[in-house]
Structures are given as structure tokens and as C-alpha cells.
Amino acid sequence: MRLPSWLGWLASLVLLLWYMQASAAPPRTVVIGSDVAEILAALDALEGVVGRDDTSQYPEAVATLPSVGYLRHLAAEGILSLAPERLIVAAAAGPREVLAQLEAVGIEVIRIEQGASLAALPDKIRAVSRALDRRVEGEALAAGIEAELVQLETLRDAAPQPVPSAMFLLSHSGMTPMAAGSDTAGQAVIEAAGACNAFTGFNGYKTVGSEALVSVAPEVVIATRSGLEGIGGQARLWQLPGLAMTPAGRERRLIVCDDQALLGFGPRTPTALKTLYEVLHGEQESAEAACREVTL
């Protein structure tokens with residue numbers, strides 16, 4: 001029995017609509033880099049994201065996704081196991097050879113070249129939004145971040161003098177704690193918050209002895225939450241050789257911040273820096289208040 005022609009037309013229409021809906025679905029995406037992941041979340045663009053790297057822990061919708069490993073030491077096998085169609089990767093992602101292998105098998109790799117700096121953050125947001133075809137939302141987010149950075153710069157320029165001398169402590173479980181020297185994210189954070197880095201005599205992160213600590217006499221220690229846990233908590237921190245003999249140690253002045261919010265150079269970083277500024281310059285009641293505010 002022949003079906004009426006209108007039924008055939010209706011069936012064709014249904015198939016066309018199904019195809020259009022299927023083709024409009026976002027590609028299966030793995031995001032590499034906490035800053036890029038947070039930008040995707042801020043743009044409400046997590047649909048289709050099926051995996052992340054170890055550094056991407058915020059928000060919860062990202063943290064609960066399967067991890068493919070550490071962003072600087074990626075392996076093709078772990079990524080391929082999630083059958084992605086697209087990777088969006090931060091500037092620090094690698095090795096480059098692995099990314100090239102993934103491209104060679106047909107996976108689109110979108111590299112966000114803007115790195116870990118405050119100045120690059122608005123352009124990083126714009127680059128991600130272009131890749132996602134969310135330019136309007138990206139421009140709005142970037143403009144808001146630019147306004148926050150201007151406010152932060154104004155605060156820093158008006159900081160009471162002399163500015164406090166701060167030590168940024170880097171630590172992970174099983175490693176010897178190190179101080180941030182010149183040309184580090186730790187120094188960038190200290191200076192952006194209107195303080196001065198106590199350790200500018202060397203580049204990078206280095207272990208410092210008791211004599212060096214006493215000599216530079218930091219007035220405050222800035223640590224990340226995971227770093228403090230890696231040391232074994234506040235009690236162990238103040239037992240580091242020489243630290244108890246510094247102004248920071250005598251007054252037990254410690255500011256604990258969220259790792260990703262402060263050092264990720266993503267959308268939350270300007271707010272985290274503003275809160276750090278307020279604590280450093282006495283506009284928050286205590287360092288514990290900083291913990292609550294900076295750990296967003």
C-alpha cells in the first residue's frame with residue numbers, strides 16, 4: 001500500500017530536523033589547562049567537554065570529568081581513550097610532539113597561545129571565545145576583566161608606603177619548599193597585589209636556607225592551600241629553618257590562597273588578587289578572611 005505523499009514529506013522533514021540537530025551538537029572536546037577550562041566555564045561553554053587535564057579542578061563540572069594527565073606531560077593514548085574530536089589547549093600544554101600526533105590522526109587541536117600573565121588574560125579570553133564562536137560573550141567577559149585589572153592597578157599605585165615584603169612559598173607533597181624569585185608567577189602575584197618580593201636575588205624557584213630567610217626578613221608568607229598541605233600544615237610551616245626568626249614568623253603572618261584562583265591566570269585571578277591586596281594592606285580583618293575570600 002502506498003503511503004500518502006504528505007507522510008513521505010513529513011518523514012523527510014523529521015529526518016532533516018534530526019540531521020540538523022545532530023550536526024549542531026558541539027564536538028567532543030578535551031580541555032587542557034586550568035585557565036582555559038575556567039574560561040570555557042565562564043562562557044557557559046562546557047557542553048561537549050568530555051575530559052580535562054590534572055590542573056583543571058574548577059568548577060565542579062570540570063573537576064568531575066575524566067583526566068588525561070598533567071598538561072605538560074600528555075600522552076596520546078589517554079586522550080584518544082576519550083574519542084575526542086577537538087582539543088583546546090593552554091600555552092603550556094605539551095609535549096608538542098604528542099599534540100602533533102593527535103592532529104595527524106584527525107583531531108582538531110586549538111592552541112591558546114596567551115600564557116600565564118595578567119596582561120594576556122583579556123586576549124586569552126577573546127582567543128577562546130573565537131575558537132568557540134562565542135565572540136559576544138567573550139568580549140563581555142574580557143571587558144569585565146579589563147575593568148578589574150584597571151581597578152587593581154589603581155589600588156596598587158595607591159598602596160600605602162612602604163609596601164610589605166612578602167615571600168611566596170611553593171610546595172607540593174614530597175618536595176622541599178621553595179621561595180619564588182624573579183621572573184616567576186609568585187613574584188607577579190606579589191607585585192600585582194601591591195607588595196614587594198623578598199627574594200629578587202635569583203630567578204625561578206629555589207630552596208632558601210635559614211641565613212637567607214633571616215637576611216631578607218619577609219613580613220608575610222603567601223602560600224597556596226595545596227602547598228600548605230604539602231608541608232604538613234601551619235605548625236610545620238613555622239618550623240622551617242630560619243622562618244621563625246623573620247617578622248612573618250614572629251607574628252605568624254600567613255595568607256593562604258586557592259592555587260588556581262591566584263596562580264591560574266584565569267577569570268578568577270583579578271578578584272583573588274584584589275582580596276590579597278586587601279589582606280596585605282590591612283583592609284581585611286585577618287588572613288583567615290583571605291582564605292575564605294580568595295578560595296572562590
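The chain is numbered in sequence order, starting from 1. As a basis for the values below, the full set of heavy atoms in this structure was taken, side chains included, without hydrogen atoms, waters or symmetry mates.
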Side chains of Val220 and Val279 in contact at under 4.5 Å (non-hydrogen atoms): no
Within 6.0 Å of CZ in Arg236, more than 12 heavy atoms from elsewhere: no
Minimum-distance pair of heavy atoms, taken over all atoms of Ala90 and Gly33: CB-CA, 3.9 Å
Nearest heavy-atom neighbours spanning Gly194 and Arg156: CA-CG, 3.7 Å
Side-chain heavy atoms of Val31 within contact of Leu46, under 4.5 Å: no
Minimum heavy-atom distance Arg134-Leu43, with the two atoms named: NH1-O, 3.0 Å
Donor-acceptor side-chain pairing of Thr271 and Glu148 below 3.5 angstrom: yes
Cluster overlap Ile110 with Val49, hydrophobic side-chain contacts below 4.5 Å: yes
Donor-acceptor contact below 3.5 Å, side chain Tyr277 vs main chain Ala195: no
Co-members of the apolar cluster containing Leu71 [side chain, <4.5 Å]: Val30, Ile32, Val50, Val68, Tyr70, Leu74, Ile79, Leu80, Leu82, Leu87, Val89, Val98, Leu99, Leu102, Val105, Ile107, Val109
4.5 Å side-chain heavy-atom contact, Pro270 and Ile145: yes
Contact check, side chains of Arg253 and Val221, non-hydrogen atoms, under 4.5 Å: no
Leu118 with Val163, same ILVMFWY side-chain cluster at under 4.5 Å: no
Same cluster (ILVMFWY, side-chain, under 4.5 Å), Ile190 and Leu149: yes
Residues Arg126, Glu139: salt bridge by 4.0 Å N-O rule: yes
Heavy-atom closest pair, residues Ala92 and Arg72: O-CG, 3.7 Å
Flag, side chain of His281 to backbone of Pro164, donor-acceptor distance under 3.5 Å: no
Pairwise salt bridge (Lys or Arg N to Asp or Glu O under 4.0 Å) hits with a residue in residues 40-60, at least two apart: none
Flag side-chain contact, heavy atom, 4.5 Å: Thr29 against Pro84: no
For the student: nearest non-hydrogen atoms of Val214 and Gly242, plus distance: CG2-O, 3.9 Å
Residue pair Leu276, Leu262: steps toward the side chain to side chain contact (heavy atoms under 4.5 Å, CB included) verdict: CA-CA 9 Å; Leu276 179 59; Leu262 192 65; 4.2 Å; yes
Arg250 (side chain) donor-acceptor with Met245 (main chain) under 3.5 angstrom: yes
Ion pair Asp35/Lys124, N-O distance below 4.0 Å: yes
Backbone N/O of Leu213 and side chain of Thr246: donor-acceptor pair under 3.5 Å: no
Approximate separation, where rounding is to 0.5 Å, of Ile88 CD1 and Ile39 CD1: 10.0 Å
Spacing of CG belonging to Leu155 relative to CG belonging to Leu280, to within rounding of 0.5 Å: 12.0 Å
Salt bridge present between Glu38 and Arg268 (N-O < 4.0 angstrom): yes
Atom pair CZ (Phe199) and OG (Ser165), whose distance is rounded to the nearest 0.5 Å: 8.0 Å
Test item: side-chain donor near acceptor, Ser129 and Arg135, under 3.5 Å: no
Salt-bridge contact Arg96-Glu103 (side-chain N to carboxylate O under 4.0 Å): no
Test item: Gln161 side-chain N/O and Ala159 main-chain N/O as donor-acceptor pair under 3.5 Å: yes
Point-to-point distance, once rounded to the nearest 0.5 Å, from CD1 of Ile231 to OG1 of Thr176: 10.5 Å
Side chains of Ser210 and Leu243 in contact at under 4.5 Å (non-hydrogen atoms): no
Sub-4.5 Å side-chain heavy-atom contact between Ile222 and Leu169: no
Point-to-point distance, once rounded to the nearest 0.5 Å, from OG1 of Thr184 to CZ of Phe168: 8.0 Å
Donor-acceptor pair, side chain of Thr154 and main chain of Val150, under 3.5 angstrom: yes
Reported OG-to-CG distance for the pair Ser182 and Asn203, which is rounded to 0.5 angstrom: 5.5 Å
Side chains of Leu121 and Phe265 in contact at under 4.5 Å (non-hydrogen atoms): no
Pair Asn197-Gln187, side chain to side chain donor-acceptor pair (under 3.5 Å): steps then yes or no: CA-CA 6 Å; Asn197 186 10; Gln187 172 158 311; 2.9 Å; yes
Exercise: identify the closest heavy-atom pair between Ala120 and Gly115: CB-O, 4.2 Å
Backbone of Gly48 reached by a side-chain donor or acceptor of Arg28 within 3.5 Å: no
